[in-house]
**Student:** 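Quick one: the structure is below, questions incoming.
Atom set for the values below is all heavy atoms of this structure, side chains included, hydrogens, waters and symmetry mates excluded. First the proteins, then the strands, lettered A, B, ... as listed; each starts at 1. Keep in mind it's a predicted model, so treat the numbers as computed, not measured.
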Amino acid sequence: KAGVTQTPRYLIKTRGQQVTLSCSPISGHRSVSWYQQTPGQGLQFLFEYFSETQRNKGNFPGRFSGRQFSNSRSEMNVSTLELGDSALYLCASSLLKMADNYGYTFGSGTRLTVV
Amino acid sequence: ELKVEQNPLFLSMQEGKNYTIYCNYSTTSDRLYWYRQDPGKSLESLFVLLSNGAVKQEGRLMASLDTKARLSTLHITAAVHDLSATYFCAVHRYALNFGKGTSLLVTP
């Protein structure tokens, strides 16, 4: 079955611009989570969506936002980009069920560089 | 605030040797995950540990969970070069809370 698809794979943006990243989860998975990975801060949770509702949110400024559509695809948006937003953004999808061991499957990520 | 500490952060070991990576966490959790990440790649799921005393093995890797001690271990048996990667533990509490990762290098 198809895995978690993230687009685009690479992105270069200028400070002050905004960016939208996309994530298509595994078919049937209704939970989509977003994580930011940087060398300094490691892997940090951004937010989780389930059935179009944000369930949890990490400790990031309001410039970071997201949404989920009825087909479970999710987008995250970062406005007014800063140099420190340069990171690998990872999306994870989950069935959130014991039958699936509550597993989280990660996409290949979007590498964002802010210049 | 949930803290997840992995040690060691860097590990260089010879092929054929055994070693253990430790993952300590600060508050109760219902499940613990181990992931592998190769350079420039995404996270590959290795194990999900759901209960106290859980032990799972896959090839040369074995993971265990002690919820009372808030400790999980990832044991590597007879390491081979292909195991060189960064290994992360993640504790679930509302979301995955990751350790800083253990960068493993297996040398001949």
**Student:** Under 4.5 Å heavy-atom distance to chain B, tell me which part of Q6(A) shows up: side chain, backbone, both or neither.
**Tutor:** neither
**Student:** Indicate yes or no: at least one non-hydrogen side-chain atom of L43(B) is less than 4.5 angstrom from one of L43(A).
**Tutor:** yes
**Student:** To check you understand the geometry: which heavy-atom pair defines the closest contact between S42(B) and S108(A), and what is its length?
**Tutor:** CB-CA, 3.7 Å
**Student:** Going only through I, L, V, M, F, W and Y residues with side-chain contacts under 4.5 Å, is there a path from M13(B) to M62(B)?
**Tutor:** no
**Student:** Around atom CZ of R63(A), are there more than 12 heavy atoms of other residues, nucleotides or ligands at under 6.0 Å?
**Tutor:** yes
**Student:** Mind ranking G107(A), A92(A), G58(A) by heavy-atom pairs under 4.5 Å with chain B and telling me who comes out on top?
**Tutor:** G107(A)
**Student:** Count the heavy atoms belonging to other residues, nucleotides or ligands that lie under 6.0 Å from CZ of F64(A), then report whether that count exceeds 12.
**Tutor:** yes
**Student:** Do Y35(B) and L65(B) land in one hydrophobic cluster if side-chain heavy atoms of ILVMFWY residues count as linked below 4.5 Å?
**Tutor:** no
**Student:** Give a yes or no answer on whether the side chain of Y35(A) reaches the backbone of L96(B) with a donor-acceptor pair at less than 3.5 Å.
**Tutor:** yes
**Student:** So what's closer than 4.5 Å to chain A heavy atoms on Y94(B): side chain, backbone, both or neither?
**Tutor:** both
**Student:** Would you say W34(B) ends up clustered with L2(B) if hydrophobic residues are merged whenever their side chains have heavy atoms under 4.5 Å apart, either directly or through other cluster members?
**Tutor:** yes
**Student:** Once rounded to the nearest 0.5 Å, what's the spacing between atom CD of Q37(B) and atom CG of L90(A)?
**Tutor:** 7.0 Å
**Student:** Do you reckon L49(B) sits in the same ILVMFWY cluster as F106(A), going by side-chain contacts under 4.5 Å, direct or chained?
**Tutor:** no
**Student:** Would you give the length of the straight line joining atom CZ of F98(B) to atom CD of Q44(A), rounded to the nearest 0.5 angstrom?
**Tutor:** 11.5 Å
**Student:** Within the 4.5 Å heavy-atom criterion, are H92(B) and Y104(A) side-chain neighbours or not?
**Tutor:** yes
**Student:** Flag the one option from Q37(A), E48(A), R55(A) with the top tally of heavy-atom pairs under 4.5 Å to chain B.
**Tutor:** Q37(A)
**Student:** Hey, quick one: are L9(B) and Y25(B) part of the same hydrophobic cluster, counting side-chain heavy atoms closer than 4.5 Å, chains of contacts allowed?
**Tutor:** no
**Student:** Just verifying a value: how many Å separate F45(A) CZ and N97(B) CG, rounded to the nearest 0.5 Å?
**Tutor:** 9.0 Å
**Student:** For K100(B), does the NZ atom sit with more than 12 other heavy atoms under 6.0 Å from it, leaving out its own atoms?
**Tutor:** no
**Student:** What's the shortest heavy-atom distance between Y102(A) and R31(B), and which atoms?
**Tutor:** CB-NE, 3.4 Å
